[in-house]
Amino acid sequence: MRMSKAFIPTLKEDPKDAEVISHKLLVRAGFIRKVSSGLYNILPLGTKVVEKIKNIIRKYMNEYGAQEIIMPIMTPSELWIESGRWNVYGKEMIKFKDRHDRDYALGPTHEEVVTDLIRKEVKSYKDLPLNLYQIGQKFRDEIRPRFGLMRAREFIMKDAYSFAKDENEAKEEYFKMYEAYKKIFDEIGLNYEIIEADTGEIGGKFSHEFVVLADSGESKLIKCKQCPYCASTEIAKIGIKIDDIPFVPFKILEEVNFDLEKYREKVKSILEKYKETLEKENLPQKEEVYTPNQETIEDVAKYLNLSKEDTAKAMVYIADGKPILIFLRGDYEVNEIKLKRALKAKELSLADEKLLKELSLEKGYIGPLLSQETLEKIKEKQGLIIGDISLLSKKALCFGANKKDYHIKNLVMFRDYKLDTILDISEAQGKDWERCPECLANVNFKKGIEVGHIFMLGDRYSKAMNATFVDRDGKEKYIIMGCYGIGVTRIMAASVEQSFDKDGIIWPLSIAPYQVHLICVNPKDEKQKSIAEELYKELLNRGYEVLYDDREERPGFKFKDADLIGIPIQVIVGKKVKNNKVEVKVRKTQEKMEVELDKIFEYINNTINMLK
RNA sequence: CGGGGCGUAGCUCAGCCUGGUUAGAGCGCGUGCCUUGGGAGCACGAGGUCGCCCGUUCAAAUCGGGCCGCCCCGACCA
């Protein structure tokens, strides 16, 4: 492509509405332009990148047995109503009516459509397993679109759906996709982690997220410093060592299949041991302190000149109608996903003012020294008083005093207060005391961009939509499904996010819009011009993808554009053509090499191989 | 939806607080000259409903109110 003819509008200045680097650079380098909040035009360079990403995805999806289809973007409401998601998905779905007043939604995902297709066509176990995928526009009316392509309202996604006759076959399909995804992200050249993730409302057996590490990312994860454990903070378990005794509450809960009684039996000895430790220590005595109008943890910590880590707070929830009083360290937050699982609760919500009043609890000053009245009320309602694992990280903490304007310092577990049990229900932060639930080594907290997500769906959709097949034994059974997504446009942003420098984007060869950026420094110089033209033709003949800067601009202008756009190899035809030499610059390292004209193709070829 | 910020030329912004000729700059764009190894220089030129509406005023980019749009933080997020 000749730049003199190309539509590549580059900018000298950062667009004012861009915050993250990928957004700034993709706009400046002429890859995208905003249409409206969360909606983007993808310009020729961006389209090239998107196509390359799509093709890599296709290659491995096909290799692992998936077949490409195209489903409509416009989807009828009946299917969503049938699966129960018409209301669950709610405002995130863009809904509209046709001229006959029938309801439709722009597809945010296609489980319903594809399940409908399959239930009509798949009748026998002989038709299974099957895996279908598509690459297309998706629509989600995000509450707050942000960071350019990272969270857009319309975006390009690859979504695949597998159908199997039983759990085992479904698992095989799932792990085929797992492997395919690894190959895809490896080939794209992303630095990513595969993390255990929450299955969300889908409620399947397992789920993995593929996350590109980047500070601008919205996914938070915990990664063990030693073993392969890596999980989203949505589900990350926390371990702790108490006098070298490992304690991983969530693992123990899982072992006893979330039977709270059995759990308490199992952790009894550990907590006994902890109690002994505390007793041996000469910890300061509790002390009531006056804290007028200090209701938040920030306020209290500041007022008492304590670190947030030395305070504790209370959260009151209602789980299936039962009041749940939770104490946790002031700098931690309740992870509702973990709490819900730990309690095997179907419904969970924060308590309202009414319940607090009923339990005689003073908002902002709740502590573990509860009145007899409160204790009885909680018991009566079959509630629980739970300490989060974070309470074990400090021997004494400052809690509310259960009366307005007072807190109590130096409260020590067992010595001063009692809890029904200790659970792991806070969101992991990767702080020092937190240990890997698998090997008890220290963990790191990292942020990343979710670029892929795979789910084992089970029969969630096949049951709701009655997608069955007749098995070998003649019995009708539900199809076992999996679904697998990759954010194509998000990958474009994520790649930039982890590969750029002060001059612009640095594309990996695999998804670069072109492989070679040929620059004619001074097209008015006849020799430079003719050699550049010749090189351009010959490079194209040899099958290279070339962006040729033939514009009559000053050299600096063209160099700046080239660095900004970020094509991996620059071939610079300049004044050294007098000695039959041109320069080859590798964008990533900014290293320039002078190369004899007759060796140029060999050199380019070698450089490309090196970059692969 | 709550909190904060912004909206003036294609882009990035100044002017607004303290109302008053013809609304400015840099970049970009057009023409010419000059220049050709890191976003040059000179000259001339085009380009604006100061987001929209209402109000205050002799007079509004400027003050007040409403609306719209965009960005950030939060809540939300199969």
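The shown structure was predicted, so the numbers you read here are calculated from the model rather than taken from an experiment. Sequence lines set the chain letters: A, B, ... in the order given, protein chains first and strands last, and positions in each chain run from 1.
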Chemist: Does G48(B) pair with anything, Watson-Crick or G-U wobble, both distances under 3.5 Å, and if so, with which nucleotide?
Modeler: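 The base-pairing partner of G48(B), which may sit in any strand shown, does not exist here.
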
Chemist: Report which part of the nucleic acid Glu13(A) touches: base, sugar-phosphate, or nothing (heavy-atom distance under 4.0 Å, all strands).
Modeler: base

Chemist: Considering only A78(B), U8(B), G37(B), which nucleotide approaches the side chain of Lys16(A) most closely?
Modeler: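 Of the options given, the side chain of Lys16(A) lies nearest U8(B).
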
Chemist: For A25(B), what is the paired nucleotide under Watson-Crick or G-U wobble rules, both distances under 3.5 Å?
Modeler: U12(B)

Chemist: Using a cut-off of strictly less than 4.0 Å, decide whether Arg144(A) has a side-chain nitrogen or oxygen near OP1 or OP2 of C1(B).
Modeler: no

Chemist: In whole angstrom, give the distance that lies between atom CD of Glu112(A) and atom C1' of A78(B).
Modeler: 10 Å

Chemist: Taking G64(B) as the reference, what is the distance to G74(B) when you measure between their P atoms (whole Å, please)?
Modeler: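 Comparing P positions in G74(B) and G64(B) gives a spacing of 30 Å.
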
Chemist: Does any nucleotide pair with G41(B) by Watson-Crick or G-U wobble geometry, both distances under 3.5 Å, and what is it?
Modeler: C33(B)

Chemist: Nearest whole Å is fine: how far is G37(B) P from Asn579(A) CG?
Modeler: 15 Å

Chemist: For G10(B) versus U57(B), give the span between their C1' atoms, rounded off to a whole number of Å.
Modeler: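 G10(B) and U57(B) have their C1' atoms separated by 35 Å.
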
Chemist: In whole Å, what separates the C1' atom of A61(B) from that of G20(B)?
Modeler: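 Approximately 13 Å lies between the C1' atom of A61(B) and that of G20(B).
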
Chemist: Would you jot down, in residue-number order, the residues of residues 23-39 of chain A having a non-hydrogen atom under 4.0 Å from RNA chain B?
Modeler: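 Only Arg28(A), Lys34(A), Ser36(A), Ser37(A) qualify.
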
Chemist: Checking Glu594(A) against Asn579(A): is there a side-chain donor and acceptor pair closer than 3.5 Å?
Modeler: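 There is no such pair (donor and acceptor under 3.5 Å, judged by atom type) between the side chains of Asn579(A) and Glu594(A).
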
Chemist: Does anything in residues 550-561 of chain A come within less than 4.0 Å of RNA chain B? Heavy atoms only, and list the residues if so.
Modeler: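 Under 4.0 Å from RNA chain B: Glu553(A), Arg554(A), Pro555(A), Gly556(A), Phe557(A), Phe559(A), Lys560(A), Asp561(A).
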
Chemist: In Watson-Crick or G-U wobble terms, both distances under 3.5 Å, what is the partner of G74(B)?
Modeler: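 Pair assignment: G74(B) / C1(B).
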
Chemist: If the threshold is 4.0 Å, N to carboxylate O, is there a salt bridge linking Asp141(A) and Lys95(A)?
Modeler: no

Chemist: Side-chain contact, heavy-atom cut-off 4.5 Å: Asp103(A) with Ile81(A)?
Modeler: no

Chemist: Round to a whole Å and report the spacing from CD of Glu333(A) to C1' of G74(B).
Modeler: 12 Å

Chemist: Could you work out the separation of C63(B) and C72(B) based on their C1' atoms and round it to a whole Å?
Modeler: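 That atom pair is separated by 28 Å.
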
Chemist: Rounded to the nearest angstrom, tell me the gap between atom CD1 in Ile143(A) and atom P in C70(B).
Modeler: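 Between P of C70(B) and CD1 of Ile143(A): 16 Å.
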
Chemist: Say we look at G66(B) and G5(B): how far apart would their P atoms be, to the nearest angstrom?
Modeler: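 The answer is 15 Å between these two P atoms.
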
Chemist: With a 4.0 Å cut-off, would you call Glu172(A) and Lys176(A) a salt bridge?
Modeler: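 Here Glu172(A) does not pair with Lys176(A) in a salt bridge, since their nearest N and O are not under 4.0 Å apart.
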
Chemist: In a check of salt bridge (charged side-chain N to carboxylate O under 4.0 Å, His left out) between Glu218(A) and each of Lys447(A), Arg490(A), Arg151(A), Arg144(A), which one passes?
Modeler: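 Result for salt bridge (charged side-chain N to carboxylate O under 4.0 Å, His left out) with Glu218(A): Arg151(A).
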
Chemist: Counting only side-chain heavy atoms from C-beta out, which of C71(B), A78(B), U36(B) sits nearest to Lys524(A)?
Modeler: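 Looking only at heavy atoms from C-beta outward on Lys524(A), the closest nucleotide is U36(B).
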
Chemist: Between Pro15(A) and Phe147(A), which is nearer to the 5' end of RNA chain B once each is assigned its nearest nucleotide?
Modeler: Pro15(A)

Chemist: So how far is it from Thr311(A) OG1 to Asp299(A) CG, rounded to the nearest 0.5 Å?
Modeler: 11.0 Å

Chemist: Sticking with atom P, work out how far G32(B) lies from C17(B), rounded to a whole angstrom.
Modeler: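 To the nearest whole Å, 44 Å.
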
Chemist: Between A78(B) and Arg140(A), counting only base atoms on the nucleotide and side-chain atoms on the residue, is there a donor-acceptor pair under 3.5 Å?
Modeler: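 Answer yes: a donor N or O sits under 3.5 Å from an acceptor.
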
Chemist: Which word best sums up how the rings of Tyr40(A) and His23(A) line up, parallel for under 30°, tilted for 30 to 60°, or perpendicular for over 60°?
Modeler: perpendicular

Chemist: I'd like to know if the side chain of Lys558(A) and the backbone of Val521(A) have a donor-acceptor N/O pair within less than 3.5 Å.
Modeler: yes

Chemist: To the nearest Å, how far apart are Ile519(A) CD1 and G39(B) P?
Modeler: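 Those two atoms, CD1 and P, are 14 Å apart.
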
Chemist: Rounded to whole angstrom, note down the C1' distance from C29(B) over to C77(B).
Modeler: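 The same atom, C1', in both gives a distance of 43 Å.
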
Chemist: From CZ of Arg146(A) over to C1' of G74(B), roughly how many Å is that when rounded to an integer?
Modeler: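 Distance, rounded to whole Å: 9 Å.
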
Chemist: Can you confirm whether or not the ring centre of Tyr178(A) sits under 6.0 Å from the ring centre of Phe175(A)?
Modeler: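 For Tyr178(A) and Phe175(A), the ring centres are under 6.0 Å apart.
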
Chemist: When you match Tyr484(A) and Ala18(A) each to their closest nucleotide on RNA chain B, which lands nearer the 5' end?
Modeler: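 Closer to the 5' end of RNA chain B: Ala18(A).
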
Chemist: I'd like to know if Lys446(A) and Glu193(A) make a salt bridge, using a cut-off of under 4.0 Å between side-chain N and carboxylate O.
Modeler: no

Chemist: Quick one: Glu19(A) CD to G4(B) P, roughly how many Å, whole number?
Modeler: 19 Å

Chemist: Separation of Asn522(A) atom CG from U35(B) atom C1', in whole Å?
Modeler: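 Asn522(A) atom CG is separated from U35(B) atom C1' by 10 Å.
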
Chemist: Would you kindly say whether Asp159(A) and Gln134(A) are connected by a side-chain donor-acceptor distance under 3.5 Å?
Modeler: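 Short answer, yes.
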
Chemist: Quick one: look up who G69(B) pairs with, Watson-Crick or G-U, both distances under 3.5 Å, and put none if it's unpaired.
Modeler: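 Base-paired to C6(B).
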
Chemist: Counting only side-chain nitrogens and oxygens, does Lys575(A) get under 4.0 Å of the OP1 or OP2 atom of U36(B)?
Modeler: no

Chemist: Within the 4.0 Å heavy-atom criterion, would you say Lys585(A) contacts the bases, only the backbone, or no part of the nucleic acid?
Modeler: base

Chemist: Are Phe206(A) and Tyr174(A) an aromatic pair, judged by ring center distance below 6.0 Å?
Modeler: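 Ring centres of Phe206(A) and Tyr174(A) closer than 6.0 Å.
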
Chemist: If you measure from the C1' atom in U62(B) to the same atom in G24(B), how many Å do you get, rounded?
Modeler: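 Here U62(B) and G24(B) have their C1' atoms 15 Å from each other.
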
